[in-house]
Amino acid sequence: MKKRLIKNNVFWVGAMDWNRRLFDSLIPLPEGTSYNAYLVRGKDKTVLLDTVDPTKSDILMEHLGDVDRIDYVVAHHAEQDHSGTLPRVLAKHPEARVLATEKCKGMLVDHLQIPADHIDAVTDGQKVTLGDKTLEFIHTPWVHWPETMCTYLAEDKILFSCDFFGSHYAASSLFVKDKRTVYDDAKRYYAEIMMPFRTTIRRNLEKVGSRNIDTIAPSHGPVYDEPSFIIDAYKDWTSENVKNEVVIPYISMHGSTEAMVQHLTSALADRGVKVHLFDLAVTDIGKLAMALVDAATMVVGTPTVLVGPHPVVSSAAVLANAIRPKVRYASVVGSYGWGGKAVEQIASLIPNLKVELLAPVLCKGYPRQNDFAALDALADAIAQRHETLEKPPTPA
Ligand code: FEO
């Protein structure tokens, strides 16, 4: 993709990564991603907002080929997908001052070995003039790391939001064309990256939302020229509201746990509860994370392996604990051969989830009539609790 005009001397100069399929050696990227950098040419000064992942540094440098002077490089976030090409930009433009939060300054020194005397720390609300345009820095800690900030360009009503509102979506269009696709990719991004900081993000949503915003230019995915839909989506995802939905991640080795989760799924559906069922042997963990954004309940299905849960289930439980969904209820179902501690071990893996643990259903071997009856009782307990979901949770 070539350098592209957003409006009034504000350009996209980033790089598409159409074929990347994994981030952090963990997160699936079914639709690739982009590393968005932006160039703002003011009457007196020129600023580059963020760089790109080092694997795509040639593309950024080509986009900047006709730029004689860069006065400032704003580093919203020290993570390498946005700051990784900073050393190369500074090598070509040693005149540029790097502007970042104080915390980001330290991280740029630590992670990228940028000389500290190249970096000026900016305070929350500080403004820098480019002549006819003004940058305002808005500190937004923990969106996504503790050092993150956004920039508001008042004259053009653009919020440069870095990871905030981003989507892992490599698209040929500069602006959002397909809201449904971008909504799904932004939700996946929120689930995997932002959800652990939900309450902090809610506060930062209010903070940036107080500006008059026409355009949101994130550092991943298309630019929002009608930003209300993504702002509303973030309000929904970060709210305390949960939906009448159950997420069931499970593994089955010989069919017993499979029979249990299938029975529970039908029993819940009969009671008007929506179910998201994920066989962890084949599932995309991003889809699992997305389902956990809204669900009121998570039920883990696991066979007992060497006295504990199946290791793949343990891994999913650790992931769920890390991304901290707002589920209110949880339980465990599964089959064992001769005994074990699967329930206790799963419970110990999810301390961050502030849930009421509903009675688990474990059976020896293949489930019998009384086991299916116990699953019906679990479905009853879940459906009954979901009847009152419009009420906020009782404070602990
Ligand atoms: Fe896109 Fe947190 O980096």
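Both counts, for ligands and for their atoms, begin at 1 and track the order of listing.
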What protein N/O/S atoms sit under 2.8 Å from atom 2 (Fe) of ligand 1, by chain and number? H77 NE2, E79 OE1, H144 ND1, D163 OD2
Ring centres of Y169 and Y189 under 6.0 Å apart? no
Side-chain touch W12/Y38, heavy atoms, less than 4.5 angstrom: yes
Without swapping roles, check the side chain of S34 against the backbone of N36 for a donor-acceptor pair under 3.5 Å. no
Ring centre gap for H144 and H76 strictly below 6.0 Å: no
Side-chain contact test, heavy atoms from C-beta onward, threshold under 4.5 Å: evaluate it for N8 versus K133 and give yes or no. yes
In terms of relative ring orientation, are Y190 and Y234 parallel, tilted or perpendicular, with 30° and 60° separating the classes? perpendicular
